Structures are given as structure tokens and as C-alpha cells.
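One structure is given below, encoded as C-alpha cells.
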Amino acid sequence: MTDMHDIRAIRENPQAFDAALQRRGLAGISEQVLSLDSERRARIAEAETAQADQNRASKEVGAAKARGDEAEFERLRQLVTEKKADVSRMQAEAALLDNRLRDLLMAIPNLPLDSVPEGVDENDNVELHRWGNPRNFDFTPVEHFEIAGVKPGMDFETAAKLSGSRFVVLKGAVARIHRALAQFMLDLHVTQHGLEETWTPILVLEDMMVGTGQLPKFGEDSYQTREGYWLIPTSEVTLTNTVHGELVDQSTLPRRMVAHSQCFRSEAGSAGRDTTGMLRQHQFEKVEMVSITDAESGLDEHARMTRCAEAVLEALELPYRTMVLSSGDMGFSARITHDLEVWLPGQNKYREISSVSYCGDFQARRMNGRYRPEGGGKPEFVHTLNGSGLAVGRALIAVLENGQQADGSVTFPAALHPYLGGATRLQADGKLV
RNA sequence: GGAGGCGUGGCAGAGUGGUUUAAUGCACCGGUCUUGAAAACCGACGUGGGUGGAAGCCCACCGUGAGUUCGAAUCUCACCGCCUCCGCCA
């Protein structure tokens with residue numbers, strides 16, 4: 001079976017496994033895992049012994065038939081039939097236990113690294129550093145959807161008519177700024193950070209959602225089509241699963257990719273949260289980075305990817321702080337996560353705009369993505385990382401709120417000017433100039 | 001939507017009921033040769049699981065799962081995925 005977790009590691013050090021889960025606020029489960037595991041192995045051993053007997057008898061049957069010994073042939077035939085029943089029964093028992101173990105392990109999240117701060121939720125996240133200083137406003141800054149120049153281009157009413165709540169229609173200048181942001185980010189990562197521009201499907205087979213960890217546990221958070229396709233909640237799903245079932249040469253690592261895609265989330269557990277504005281939508285755009293690396297360079301790659309995301313905010317002159325998530329606030333597949341929180345003057349707080357996670361071999365195990373070490377040797381699981389660079393809708397919010405002026409206009413960071421046809425600001429009447 | 005085809009090791013590709021312990025080639029690895037390299041030659045070379053100090057031994061795996069059979073990569077059925085042609089369509 002393909003292990004979702006390293007069963008050998010759990011056998012060798014069940015305390016460490018439980019301790020890691022407890023840091024996530026989960027009960028220790030190694031006892032249950034190991035009892036299933038040892039039971040399963042016992043059944044396997046029995047089944048294999050019986051199978052070996054059957055195989056031996058089967059071979060002798062052929063020989064007896066060949067030399068015309070009918071009596072011996074009949075006797076052995078009988079024996080094989082009996083053994084076969086034994087094997088079949090024992091294998092069924094083993095398979096049952098194997099499936100139960102698999103189901104159990106499938107639902108267990110990745111283990112936090114030791115460096116992850118202990119905590120139960122976002123209040124225990126630890127700030128690593130800040131960049132930039134929030135502006136001093138000589139007026140009271142408002143939220144993005146309240147800015148005079150933004151209002152004509154951000155239409156929640158029409159979107160609600162078309163699609164219900166948590167959707168938006170962007171028009172005119174606002175739509176263009178949104179597009180400009182995505183293009184700018186993509187260009188930055190491709191030309192400055194060496195990531196490979198990638199365009200992927202946004203409908204995927206169920207297996208891919210299992211591979212990155214959305215399934216089987218979090219099906220409620222995503223959308224599925226009548227045909228069985230899943231709409232990706234992030235292009236982490238497609239980019240990471242490019243190595244699904246693959247055995248690649250180590251020399252091709254690291255593989256650094258970036259994609260700009262639509263993302264779809266049902267926000268099932270977010271009722272009542274961020275209901276105004278376009279902070280939390282069912283459909284949004286994101287520029288996503290993914291790295292496929294080997295076991296040795298995973299953590300260095302994490303630092304690098306975090307820098308790639310930070311660089312976007314710095315280029316856009318948006319004040320932010322970099323957090324390391326506490327053990328209780330991390331996502332299912334992550335071993336460690338850096339969140340970038342951008343300053344939103346309208347809310348007077350820092351809000352998540354990027355999340356950069358190192359997943360170790362967790363996702364690779366689920367999708368059986370491996371590499372052949374240089375110089376030969378046994379295949380090893382790749383290590384995977386993903387990070388937003390950045391969420392486009394939230395970047396739009398940040399640019400609008402941080403650039404807002406007393407008269408309801410918005411000034412843009414210089415990096416964006418070329419992407420806006422040279423425009424430097426959004427007037428209070430909604431026009432770009 | 002209609003019709004047909006295909007799924008074998010990292011890759012390519014044999015194999016249609018029993019010496020398949022899965023041929024062969026390429027790639028990778030070790031070596032010989034060479035000033036060095038290439039070529040050539042020699043050798044090793046699938047994945048997972050169980051067991052065991054170790055060497056080893058055993059089991060499974062030819063998309064997945066059932067079935068037929070003394071015996072299945074090979075036959076049957078279902079499912080999954082891929083491809084081609086036609087139709088429709090950005």
C-alpha cells in the first residue's frame with residue numbers, strides 16, 4: 001500500500017507521532033494505528049504462507065498431470081482447492097485491515113516541524129518580521145468598496161443577481177487594475193524569480209484532489225461538477241500533481257512553477273465572515289507558486305518562496321508582516337507555513353494575502369510522486385511546496401485601500417503604471433488617468 | 001452524442017492459458033579499453049510488502065476490482081483513465 005504517513009516511522013517512534021498530532025490539537029492515534037498495523041501484518045503473513053503452499057501444490061498438480069498420475073493429480077487438486085479458500089479468506093481479512101488503516105491515515109494531517117510555534121489558533125501565530133510602515137492618513141481611510149473612485153467598478157448587486165452571494169462583477173478601471181495586478185505578478189515571478197509560467201486546467205479528476213490533501217476530508221470546501229470533476233480551490237492542485245505517479249530524475253529538481261488561475265471555494269465553514277467587499281469570494285484569481293524539490297533542499301526552498309511572495313508586496317509598496325503559523329492554525333498538508341499579511345487601512349489591520357507552505361513528502365506520498373537520486377539508488381518521495389504570489393483579489397483590495405486619497409481617488413505604486421497604460425491614479429469619478 | 005482502439009518496468013516494446021523466475025532495446029549504475037572522452041565490450045539493473053543480526057527467504061504487482069480455471073499479463077464482466085475518427089462547438 002502507499003502510505004499516507006510513514007508507517008515505519010510511526011512504528012519506530014509512536015510517541016513522536018502522537019506528540020506532533022497533539023501539537024495540532026489532535027488526540028494521539030498511534031495506538032490505534034499500530035494495533036491495526038500489527039493485526040494487518042499478521043494477516044498478511046498468514047495469507048502469504050497459505051499462498052506459498054498453494055503455489056507449491058499448483059506446480060505439483062501440473063507435474064502429476066504431465067506424467068499421467070491421475071490419483072496424485074486428484075489429491076493435489078483437492079489440496080489446492082482447500083488452500084485457495086484459505087488464501088482467499090485471509091487475503092480478504094488483510095485487505096479489510098489495510099483499507100481501514102489507509103482510511104485512518106488519509107484523514108491524519110501532516111506533522112508540524114519542531115520549529116513551528118505551539119498554539120491552538122491564529123492568535124498564537126508568531127511574527128517573523130515587518131516591512132513598510134502603514135501610511136498616516138489625515139482622514140479616516142475606508143474599505144475598498146467604499147472608496148468613491150472604486151464604487152462604479154465594483155458591482156456586488158449584479159453579481160448577486162447572476163450568481164448569489166460572495167461573487168463580484170468588476171468593471172472598467174477596477175477590472176483593469178485587477179488584470180494588471182495579475183499580469184504584473186506573473187511577469188515578476190517569471191523574469192525575476194525564475195519560475196516557469198504554467199497554465200493548467202481548473203477542472204481535475206478526483207485523484208488529484210486526494211493527492212494534494214483536499215480529499216477525502218474536505219470535500220465540502222470545494223465544488224464538483226455533475227460529471228465528477230472538481231473545481232480547483234487553488235492551482236496548487238494542478239501544479240503539484242504534475243508529478244502525480246511520476247518517477248523523475250533528481251537532476252530535473254527543483255521544478256519551480258507559477259500559474260495564474262481562477263480558484264473556487266465553497267467557503268462552507270465561513271458563514272458570516274468577511275461578508276462585505278471582495279475579500280472572501282467563491283470565485284477568485286490567484287497567482288500560485290509551486291516547487292517540487294528533493295528531500296535536502298525543501299526548507300531552503302521554503303525560504304526562497306517566501307521571499308518571492310514578499311517581493312511582490314514590496315514592489316507594490318504594500319506594508320506587510322510575515323508570520324509563521326502556529327501548530328493549531330496550519331493547513332492539513334503543511335509542515336510549516338508562512339503567512340504574509342498585508343496592511344488594510346480600511347479595516348485597520350493586517351490580513352492574509354499569501355500563504356507559503358512546505359509539505360515535506362506528505363503530498364508526494366499521497367500522489368506517489370518520486371525521484372531517482374543522482375548516481376542511482378532507490379526512488380525517494382519528492383518534497384512539495386506551494387505559496388500564493390499573491391491572491392489577486394486581495395492584492396487589488398490592498399492597492400486600493402493603501403493608495404486611497406481624501407477625495408476618493410487612488411494613487412498607484414510605480415510598478416503598476418506600465419501595466420495600466422501609464423496611468424498613475426484612479427480618479428474619484430472612476431476614471432484612470 | 002455516435003463508432004472504434006488502447007492501458008506491460010524510468011522510457012520504448014514483445015508476450016493471446018503452464019520453463020514469464022516478464023524477452024529485447026534504450027536510459028541509468030559499475031567495470032574493461034583510452035592521454036581524456038566517445039564508441040565498443042563485460043556486468044549489474046523494476047516496485048511494494050512480509051520475515052530475519054545479516055546473507056537471504058517468501059508474497060504480491062502487467063490500469064482497478066470481481067469472475068472462469070488445477071493454473072491468468074493472456075479468457076469473461078464491471079469500473080477508471082487515455083487515444084483516434086465522426087457530429088456539435090470556443
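Just so it is clear, the model here is predicted, and its values are computed rather than measured. Proteins come first, then strands; the chains are lettered A, B, ... in the order of their sequence lines, and each starts at number 1.
There is no side-chain donor-acceptor pair under 3.5 Å between A:His338 and A:Thr322. Looking only at atom types and distance, the side chain of A:His260 has a donor-acceptor partner in the side chain of A:Glu285 under 3.5 Å away. Donor-acceptor pairing under 3.5 Å is recorded for the side chains of A:Glu314 and A:Tyr320.
Comparing the C1' positions of B:G2 and B:U24 gives a spacing of 40 Å, expressed to the nearest Å. Rounded to the nearest Å, the gap between the C1' atom of B:A22 and that of B:G17 is 16 Å. Nucleotides B:G9 and B:A14 place their C1' atoms 13 Å apart, quoted to the nearest Å.
The listed nucleotides are B:G10, B:U47, B:G50; the one nearest the side chain of A:Arg11 is B:G50. Closest to the A:Lys378 side chain, of the nucleotides B:U47, B:G50, B:G81, is B:U47. Of the candidate nucleotides B:G10, B:G48, B:U51, B:U51 has the atom nearest to the side chain of A:Arg41. Nearest to the side-chain atoms of A:Arg8 among the listed nucleotides B:G81, B:G49, B:G48 stands B:G49.
Between the CZ atom of A:Arg370 and the P atom of B:G9 there is a distance of 12 Å, rounded to whole Å. When rounded to the nearest whole Å, the span between CG of A:Asp249 and P of B:A27 equals 13 Å. With rounding to whole Å, A:Leu247 atom CG is found 22 Å from B:C61 atom P. The separation between A:Asn99 atom CG and B:U64 atom P is 15 Å, rounded to whole Å. Rounded to whole Å, atom P of B:G81 lies 13 Å from atom CG of A:Leu203.
With sequence neighbours excluded, the residues forming a side-chain contact (heavy atoms from CB on, under 4.5 Å) with A:Ser222 are A:Met209, A:Trp230, A:Pro233, listed by chain and number.
Of the nucleotides present, none pairs with B:G87 by Watson-Crick or G-U wobble criteria with both distances under 3.5 Å. When both pairing distances are held under 3.5 Å, B:G7 makes a Watson-Crick or G-U pair with B:C80.
Residue A:Arg43 is classed as having no contact, given no heavy-atom separation below 4.0 Å to the nucleic acid.
Within the structure, the ring-ring contact (aromatic ring centres under 6.0 Å, His included) test picks out the following pairs touching residues 178-212 of chain A (sequence neighbours left out): A:Phe184-A:Tyr419, A:His189-A:His193.
Under 4.0 angstrom from either OP1 or OP2 of B:G48 there lies no side-chain N or O belonging to A:Arg365.
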